[in-house]
2 protein chains.
Amino acid sequence: MCKESEYICVCRLDGIINIISKKWAILIINSIGNRGRARFNQIEEDLEGVSPKTLADTLKNLQNEQLIGRESFNEIPPRVEYYLTDEGKSLREAIVPLLKWTADRDINRTRICAYPCKNGPNRAKRVSLK
Amino acid sequence: MCKESEYICVCRLDGIINIISKKWAILIINSIGNRGRARFNQIEEDLEGVSPKTLADTLKNLQNEQLIGRESFNEIPPRVEYYLTDEGKSLREAIVPLLKWTADRDINRTRICAYPCKNGPNRAKRVSLK
DNA sequence: CAGTATCCAGCGCGATACTG
DNA sequence: CAGTATCGCGCTGGATACTG
């Protein structure tokens, strides 16, 4: 048994865990956190492999949870920026250790990319439709 | 854009995120971490609502990932204990902020239970079969 | 550019029952 | 006690195509 001060009880699941556990959620939080403000396409590029549907869905969920905000500009072509709310920022800070842990673990398995990654993540391109 | 030192790149998902994001995984890690050594039934009680199948599955995954270990004693009735490996312990430390964040968030929404929870989590009972 | 609209497969996960 | 066996539903999220 560990020290009492480290005993953490999370009795209810129905809160954030259901959001966090969605495949891309914490990576989106991280992407926006990294950038300060991020556009749809930028997040899409950071998260190599998300489909626009999934990204849109998850962004909506995160908005509903007040973790991110959305600002759209009346321009052509349209521009939309996402940013972390204060709550989102606190969440990001809370997941930093987890992200670092994950990155470190990958390093130990001789994966390619680590943190800090000065060049940013690998770029994925959305296949243009003909 | 945040400070470079805080820029965290996690380019690959196929590592731990897929495990973490399984609904009960981090709660199991936490339960075992809280207890030091935990038996199947104890974890089942901590995690109000898991089915034995899901628990067994997830425990197996976590073993495969070397995050937890398993020791079984040749007794009747059988006794099995789970514990965190060193890697599991480091993971647990990495998720503590996240768990606290979750708990704090629940408090702000006037949920019942918080941390530290000296009485431990609520007990769920496995319905005995006749 | 920043999405929607569909369609659909897979599997996560719960319910229930049984066992060494 | 600590699981396994089976069944099945629902939701996640990928593929693809289209749009204001």
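Naming convention: chains lettered A, B, ... in sequence-line order (proteins, then strands); numbering from 1 in each chain. For the numbers below, each heavy atom of this structure counts, side chains included, while hydrogens, waters and symmetry mates do not.
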Tell me, please, which residues at least two apart from [X] pass side-chain hydrogen bond (donor to acceptor under 3.5 Å, both in side chains).
X: A:Asn61; value: none
X: B:Ser72; value: none
X: B:Arg70; value: none
X: A:Ser90; value: B:Trp101

query = For A:Arg39 and C:dC1, is the shortest distance between a side-chain N/O and OP1 or OP2 below 4.0 Å?
reply =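 Negative; the distance criterion is not met.
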ask   = For D:dT4, does OP1 or OP2 lie under 4.0 Å from any side-chain N or O of B:Lys60?
value =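 For D:dT4, OP1 or OP2 has a side-chain N or O of B:Lys60 closer than 4.0 Å.
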Rounded to whole angstroms, how far apart are [atom1] on [X] and [atom2] on [N]?
X: A:Leu62; N: D:dG13; atom1: CG; atom2: P; answer: 12 Å
X: B:Ile28; N: D:dA2; atom1: CD1; atom2: C1'; answer: 14 Å
X: A:Glu45; N: C:dC1; atom1: CD; atom2: P; answer: 9 Å
X: A:Ile43; N: C:dG3; atom1: CD1; atom2: C1'; answer: 12 Å
X: A:Glu48; N: D:dG13; atom1: CD; atom2: C1'; answer: 17 Å
X: A:Leu55; N: C:dG3; atom1: CG; atom2: C1'; answer: 9 Å
X: A:Asn74; N: C:dG3; atom1: CG; atom2: C1'; answer: 15 Å
X: A:Gln42; N: C:dG3; atom1: CD; atom2: C1'; answer: 15 Å

ask   = From A:Gln66 CD over to A:Leu84 CG, what is the distance, rounded to the nearest 0.5 angstrom?
value =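 A:Gln66 atom CD to A:Leu84 atom CG measures 13.5 Å (nearest 0.5 Å).
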request  = Report the distance from atom CD1 of B:Ile95 to atom CG of B:Leu91, rounding to the nearest 0.5 Å.
outcome  =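 Reported value, rounded in 0.5 Å steps: 5.0 Å.
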note = Looking only at heavy atoms, the pair that brings A:Leu47 and A:Ser31 closest together is CD1-CB, 4.0 Å
task = For B:Leu62 and B:Ala25, work out which heavy atoms get closest and say how close.
result =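 Heavy atoms only, the tightest pair is CD1-O, 4.3 Å.
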Which atom pairs link the protein and nucleotides 10-13 of chain C when you take only N or O atoms and keep those under 3.5 Å?
{"from": "C:dC13", "atom 1": "OP1", "to": "B:Lys23", "atom 2": "N", "distance (Å)": "3.0"}

query = Should A:Val96 and A:Tyr83 be regarded as members of a common hydrophobic cluster, given that ILVMFWY residues are connected when their side-chain heavy atoms come within less than 4.5 Å of each other, either directly or indirectly?
reply = no
remark   = Under the rule of Watson-Crick or G-U wobble with both distances under 3.5 Å, where | means paired to another strand and [ ] a crossing pair, DNA chain C maps to ||||||||||||||||||||
A:Leu59 and A:Phe40, any side-chain heavy atoms less than 4.5 Å apart = yes
request  = Go through residues 76-85 of chain B and report each residue with a non-hydrogen atom lying under 4.0 Å from DNA chain D, sorted by number.
outcome  = B:Pro77, B:Pro78, B:Arg79, B:Val80, B:Tyr82
key: Partner set under salt bridge (charged side-chain N to carboxylate O under 4.0 Å, His left out) for B:Lys53, not counting sequence neighbours   =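 Residues passing salt bridge (charged side-chain N to carboxylate O under 4.0 Å, His left out) with B:Lys53: B:Asp57.
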